[in-house]
Amino acid sequence: METGTIEVDSLAGGVDLQATLESGQSCFWDRADGRMYDESGVARGSAWYTAVLPPDLAGDDEVVRVRQTDGRLEWESSTDATDHLTHLLRLDDDLPAIQRELPDDPLIETAFDAYDGLRIVRDPPFPTLITFICSAQMRVKRIHTMQRTMARRFGTAIEFDGETYHAFPTPDQLAAATVDELRDCSLGYRAPYVAESARLVADGELDPTDARGREYEAAREFLKGFMGVGDKVADCILLFSLGYLEAVPLDTWIQTAIAEHYPDCDRGSYTETSRAIREAFGGQYAGYAQTHVFHYLRANGPDLG
DNA sequence: TATCCAAGGTAAGTT
DNA sequence: AACTTACCTTGGATA
């Protein structure tokens, strides 16, 4: 096993690992103490998080553990995880520079200042696709449980440091699952969506990574080719996996924020409201504003700001 | 202990 | 294109 550290001071804007991984944008990481999203007064802030990197990222299924203590990130893995962490947690993003590009707006400033070091993640595309298909009408904590269940039942088991971890299922593995088996993972009406979208990827008919390189709105339309992917889910995949930092998923929290703080941005349709709020959030880094505002409102209630 | 309700929406059908 | 409606499941709220 290899270990290493990344100094938080070496990152522009630092990093808040817990805020980044437990703000609801990612289901790729799992808290080793099993207390993900547990608000019940458990000691937080230095917990280990684990993930199984898919072969297309690491060359082979590879377990990575990371925690934040005393101004540094500590990691454990079978090989050097520095580059993987930099990639997955977007540690190269210059947060102060991004904040300077955001508009001078009280809600955005409050939300940004409240969570120093909260970064957008760069999760692998296929798990992100499935995760956000599952997210429809679902609580964040339960989405996470659903992903863990699918990984345990259909994903490859990996031994690391004397423990067993499960990779998120590959497209082939998930496409091989029956709709009933997926329903047994508590997916409900999302089960056939997951089955069909996994099949599309497994059969080579559609690949979420092929959205890359397209103009933003064209990329969003492309992703809507998957079953169970509408505008909002497509925006989540673009922002949290494919690096479209201008994407602003219009979820219920942001809809509430629009109604209360930016009523002029409500243009009726998703496309037009999206354009308006994207502009209000400063364009190219609007997704960073979205994620901070989302996290802030979810933690503090919609009335503040 | 029951019952009710909302949760990071989408697809399909109707106007 | 815009507007309805149904949809699985479950944890937490309310009675």
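Residue numbers begin at 1 in each chain, while the letters A, B, ... track the order of the sequences. Every value quoted in this text rests on a predicted model; they were computed, and no experiment measured them.
- One atom, CG of A:Leu223, and another, P of B:dT10, lie 12 Å apart when rounded to the nearest Å.
- Nearest to the side-chain atoms of A:Arg139 among the listed nucleotides B:dA6, C:dC8, B:dG9 stands B:dA6.
- When the P atom is compared between C:dC8 and B:dG13, the two are found 14 Å apart, to the nearest whole Å.
- Judged by distance alone with a 3.5 Å cut-off, no donor-acceptor contact links the side chain of A:Tyr193 to the base of B:dG9.
- The separation between A:Tyr37 atom OH and C:dT10 atom C1' is 17 Å, rounded to whole Å.
- The side chain of A:Arg190 lies closest to C:dC8 when the candidates are B:dA11, C:dG11, C:dC8.
- Pairing of C:dA13, defined by two Watson-Crick or G-U wobble distances under 3.5 Å, is identified with B:dT3.
- With the nearest nucleotide of DNA chain C identified for both A:Gln137 and A:Lys141, A:Gln137 has the one nearer the 5' end.
- Residues A:Thr128 and A:Phe28 are not in side-chain contact: their nearest non-hydrogen atoms beyond the backbone lie 4.5 Å or more apart.
- Each of A:Leu107, A:Thr110, A:Val248 was compared with A:Val293 under the side chain to side chain contact (heavy atoms under 4.5 Å, CB included) criterion, and only A:Leu107 meets it.
- Across the protein-nucleic acid pair, A:Met146 atom CE and B:dG9 atom C1' stand 12 Å apart, rounded to whole Å.
- Each of A:Val229 and A:Arg298 was assigned the nucleotide of DNA chain B with the nearest heavy atom; the assignment lying further toward the 5' end belongs to A:Arg298.
- In this entry the distance linking CD of A:Glu221 with C1' of B:dT10 reads 14 Å, nearest Å.
- At the heavy-atom level, A:Gln290 lies under 4.0 Å from base atoms of the strands shown.
- The distance from atom CD1 of A:Ile143 to atom C1' of B:dT10 is 14 Å, rounded to the nearest whole Å.
- A straight line from CD of A:Glu181 to C1' of C:dC8 spans 18 Å, rounded to a whole angstrom.
- For A:Met227 and B:dA12, the CE to C1' distance is 10 Å, given to the nearest whole Å.
- In summary, the side chains of A:Tyr288 and A:Asp93 do present a donor paired with an acceptor at a separation below 3.5 Å, with no hydrogens or angles considered.
- The aromatic rings of A:Tyr296 and A:Tyr115 stand perpendicular to each other, their planes meeting at an angle above 60°, with 30° marking the opposite boundary.
- If you check every strand for non-hydrogen atoms under 4.0 Å, A:Phe226 touches sugar and phosphate atoms only.
- Between A:Arg220 and A:Asp235, at least one side-chain nitrogen of the basic residue sits less than 4.0 Å from a carboxylate oxygen of the acidic one, meeting the salt-bridge criterion.
- Contact check, A:Ser186 against C:dT9: no side-chain N or O comes under 4.0 Å of OP1 or OP2.
- Closest to the side chain of A:Met138, from the set C:dT9, B:dA11, B:dG9, is C:dT9.
- The interatomic distance linking A:Gln255 (CD) with B:dA7 (C1') rounds to 15 Å, in whole Å.
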